[in-house]
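Read the structure below first, then the notes.
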Amino acid sequence: MSESKGRFGKRVRNSGSWKDDSDLQNDLESVHPSMKRANNKVSKTTTDRNDERKSRISEITADEEQMLFGNKINLEDYENNRQEIFHQQPIDTSPHTLELPKREVDILRLEVTQFQERVDRNGLKSLSAEEKSEFESRKELLHTLQKNNKNESFLLPEDYLTEEGKIDLAKKAKALKMDMKAERKQRENEWYENQVNRAQQVNQLTKLKKETVNETEKQYEYVFDQSHMIDYVPDIPEDEMKELENKIELEELIVQEEKRISSIEETKKSLPVFQFRDELLRSVGKYQVLIVVGETGSGKTTQLPQYLYEAGYGKHGKMIGCTQPRRVAAVSVAARVADEVGTRVGDKVGYSIRFDEKSSENTVIKYMTDGMLVREFLTDHDLAKYSVMIIDEAHERTLQTDILLGLFKNLLKKRPDFKLIISSATINAKKFSDYFDSAPIFNVPGRRYPVEIFYTQQPEANYLSAAIITVFQIHMSQKSSGDILVFLTGQDEIETMAENLAETCKKLEGQIKEMVICPIYANLPPEQQKRIFEPTPKNARKVVISTNIAETSLTIDGIVYVIDCGFVKENVYNATTGMESLEVLPCSKASADQRAGRAGRVGPGKCFRLYTKWVYLNDLPRNPTPEILRTDLTGVVLLMMTLGITDLVHFDFMDKPSTKTLVKALELLYALGALNERGELTNVGIKMAMFPTKPMLSKSLLASSELKCCDEVLSIVSMLEDTGSLFVNSKEKKEMAKNAHASFHSKIGGDHLTLLQIWDKFAESGFSPQWCHDNFLQYKVLQKARSVKKQLQRICRRLGLLSDGPHESEREPNTTALRVMKAITAGYFSQSARLSPRGDTYTTLSRKQPVLIHPSSTLHGAVPPVKLIVYHELVMTTKEFMRHVMPVQGKWLAEYGRNYFDKKDLL
DNA sequence: GAGCACTGC
């Protein structure tokens, strides 16, 4: 027999072995004939009390009245006692002398409770005047008692009722806890006293019997003699006390959790998508591809994967995937769903985004960015891990979504068991359906408040001033307190408008209500971005002036009015010239509707469009141009080649990119050595595809390994990924910022070595945000570069490009700069330009195009001017500019660009 | 001597 942890086991030793409770029962009966009854009593006083305790805990929710009032008083007793106690013996209720026996307090308490119940049921009016005053006085008396005697804990209705008379569960739980603690303490005290008394008796008896009774065998026998029966009170040792306490706390948590779950269940059921659950699952079972049209607020993003999981799509080690175009969306939706499912993120529900993955073997529902899924295709061509994939927000038509759609169209033939669900807004559902061979469209209504739309009567010549006037019109004419969201195209406009509004407000001070002006755009430092989420003060109106960051990426609460200028800034890529330009273009109808929708999130809203209805109907394009039609596709082509898709010109894209763009991509890949003469992928190409960077940058990284300057090039490449907003240009401290930036300049190596300098100093500072601030650099951007570098480093190491040995450049420090520049040239030879004979402009080598060095470059205005340069990008703003330039030697271009240039070009 | 829509790997 093993050692038992039961109380009796420790106490009663028999036949040299420890007993558990059930054995003990038999033993007891055999010890003494009188034990049978006593034994029962022992049993009752221990186990039953335990049970009682347990049931008390679990009854917290089930039988509240019983629990709260310990209502064991007989009503007749009550009446009799009442006569006796209250009428025959008037009591002194002054606070200092007041002391009542427990029973009387119980009666009082019951009385108050019954009054309260009557009031709860029928209202205060149901009591007669006499009863009312009695009720009041009893209540007061009880209060006084409670105040006087803190050891006695009473639960008054006030302890758990809200002002409206409903039960406040949080309050009640707290009150209950107090009550139980007090009771436990009391029981403990009683037990202690009892034990002391018994112990004294036992001692005396022991003395008496010791002489005659065999000590070892029968030491405890007398204990079971009826006359000396011990009234057992549950012994609560330290650890068990803790356990009990934990248990009570746990129970409280469970109560809260149950509340939470029931509220989750209610919310889930109230979502529009819920009533379509079964029908949706039937359709998914029946068709391989399903287009789900669900407006915002339908709940499809959170519910659909759960429905699929409940229907068994997560079985047999397969996962349910759901892609999102944005990182924050993937993370926040995963958190939400994990909460609903009742697991922590990373367990059953996980997510996967760049630099951050939370998933495990248990993960069955996985949210991810669409770009992440594209990369996943590289390691798992058949996506064997997934049984179903949901492409959410497909109508946004991001580059990655479009690639995925193409890849899935191929995959569906290979895997008939695989299910694909495309979730889109109404506007282009048909297009998705057509693309997937007339896949059925499933409509789920959304839940949004109506938004009233207003157009201008005539076209507005200047939408900026029109927007300002409209803001004041709303502010002064609309009585309700909703906030205003203004959509403009860029930082410049936003700042201008913010200043203008602030000035006008100042002039009108005292005549109008306060206005809180919040500009918002992606490049705004995060701490300033947070301002838009601060609640609007009373009697003020918030005016958020935003780019289209607020169209999809950010949701601001409290917006009731939207002002839409009708334009967007869009990056336009010209495949022929390789030139990018940021242009202000009319936004699409889809965008305009999306913007208007932002007014209807909290209640009915209004949208003021600064253009005519005619323009909306006739001039605005239906949808924005899909990204795939307006970007460089070199990286996409390389990726798809790696996936075995060789005939890209005939690949079934939803919107086919121009042949010109594809051919240009193929040519460059050939020149970079990623493809051979027959257009087949080379080893270099395979390695390049491993990097999540533009192929030109990947090529530079490969070259840097041979040139023993991998670390330096890694830094530069990581920073080139996102250079647009590295420098902070503060208006007030323009000179200081300029000087700070100038301290990093490198005339020899151009902008690339400047970036390297910045990186090295940033690293030296210990990646300090303060250092960034002091040097007018965006911490956010450098921080991201740091993550990128870490990721690229890992890949380099995996490919054996980066040795862990001593710093490569330490061996030959003098030539480091040159080797770095050479490595960059290995990727960028195709983007080179030569100084024109007159010495004031440059001409691109590939297309003989006139271009200029961007004024932000360190090489701008260099004396003497650099003869031969490569550039990172070509941008068309006021003129054709090369941004991020670096001097090169002709022989480098000849070496790396031998498949690109005619020999005579280089002479 | 100019200027930076927004995402994502």
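The residue A:Leu582 sits close to a base: some heavy atom pair falls under 4.0 Å. Heavy atoms of A:Lys738 sit under 4.0 angstrom from at least one base atom. Residue A:Thr398 is out of contact with every strand shown, counting any heavy-atom pair closer than 4.0 Å. Across all strands shown, A:Arg354 has heavy atoms under 4.0 Å from base atoms, whether or not it also approaches the sugar-phosphate. Residue contacts shown for A:Phe881 are limited to sugar-phosphate atoms, with no base heavy atom under 4.0 Å away. A:Asn571 comes within 4.0 angstrom of a base, heavy atoms only. In this structure, A:Ser725 reaches neither bases nor backbone, as no heavy-atom distance under 4.0 Å exists between it and the strands shown. Using a 4.0 Å heavy-atom cutoff across all strands shown, A:Ser856 reaches no nucleic acid atom at all. A:Ile353 comes within 4.0 angstrom of the backbone, heavy atoms only, and of no base.
Judged by the 6.0 Å and 45° rule, A:Arg630 forms no cation-pi pair with A:Tyr573.
Judged by closest nucleotide on DNA chain B, A:Arg883 is the one of A:Glu721 and A:Arg883 placed further toward the 5' end. Between A:Lys569 and A:Lys784, the residue anchored nearer the 5' end of DNA chain B, judged by the nucleotide with its closest heavy atom, is A:Lys569.
The side-chain contact (heavy atoms from CB on, under 4.5 Å) search around A:Ser787 returns A:Phe355, not counting sequence neighbours. Not counting sequence neighbours, the partners of A:Pro525 by the side-chain contact (heavy atoms from CB on, under 4.5 Å) test are A:Glu527, A:Gln528. Scored by the side-chain contact (heavy atoms from CB on, under 4.5 Å) test, A:Glu499 finds A:Lys731 as partners (sequence neighbours excluded). Considering only residues two or more places apart in sequence or on other chains, A:Ile645 meets the side-chain contact (heavy atoms from CB on, under 4.5 Å) condition with A:Leu407, A:Asn410, A:Met640, A:Leu643, A:Leu648, A:Phe651. Contacts of A:Tyr828 classified as ring pair (Phe, Tyr, Trp, His ring centres under 6.0 Å), with partners at least two apart in sequence or in another chain: A:His872.
For residues 368-380 of chain A, every residue pair satisfying the salt bridge (charged side-chain N to carboxylate O under 4.0 Å, His left out) rule, not counting sequence neighbours, is listed here: A:Lys366-A:Glu376, A:Glu376-A:Lys385. Within the structure, salt bridge (charged side-chain N to carboxylate O under 4.0 Å, His left out) pairs that include any residue of residues 399-409 of chain A comprise A:Arg397-A:Asp402, A:Lys409-A:Asp652 (at least two apart or interchain).
Scanning residues 371-381 of chain A for heavy-atom distances under 4.0 Å to DNA chain B yields A:Gly371, A:Met372, A:Arg375.
Taking a heavy-atom distance under 4.0 Å as the criterion, the stretch of DNA chain B touched by chain A extends 5' to 3' from B:dG1 to B:dC9.
Under the 30°/60° scheme for interplanar angles, the aromatic rings of A:His741 and A:Phe776 are found to stand perpendicular.
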